[in-house]
*Asks:* 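I'd like to ask some things about the structure below.
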Amino acid sequence: MKKLVVKSFFAVVLGLLFSLAPLAANAQCSMCKTQVEASRTEKDGYDFSGLNKGILYMAAIPYLLMGAVGYFWYRNTHPRSKATSE
């Protein structure tokens with residue numbers, strides 16, 4: 001019972017941290033930021049409002065893939081106990 005409470009608490013804290021992470025994320029590198037600022041001052045008609053979201057999307061894919069590989073690796077290398085399978 002104590003393990004369940006600890007795991008639930010950990011899951012809630014982790015969920016809160018992940019839900020707050022996008023608020024503080026700023027994915028633009030200095031070169032991208034400089035290019036966007038220069039394009040905005042030139043007023044050449046381009047809309048760069050989605051650039052930061054695109055960079056976050058491209059950065060998230062490798063983490064999701066590695067997380068999936070790690071999950072399946074962990075699941076296949078650690079056998080389930082008989083108490084949880086019954």
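Everything numeric in this text was worked out from a predicted model, so none of it was measured.
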*Asks:* Rounded to the nearest 0.5 Å, what separation is found between the OG1 atom of T77 and the CZ atom of F72?
*Replies:*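 Taking OG1 in T77 and CZ in F72, the distance rounds to 13.0 Å.
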*Asks:* To the nearest 0.5 Å, how far apart are CZ in F9 and CG in L14?
*Replies:*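 F9 CZ to L14 CG: 11.5 Å, rounded to 0.5 Å.
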*Asks:* Could you state the interatomic distance from CZ (F10) to NZ (K3), rounded to the nearest 0.5 Å?
*Replies:*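 One gets 15.0 Å once the value is rounded to the nearest 0.5 Å.
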*Asks:* Hydrophobic clusters here meaning ILVMFWY residues chained together by side-chain heavy-atom distances under 4.5 Å, can you tell me if L65 and Y57 are in one?
*Replies:*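 Result: yes, single cluster for both.
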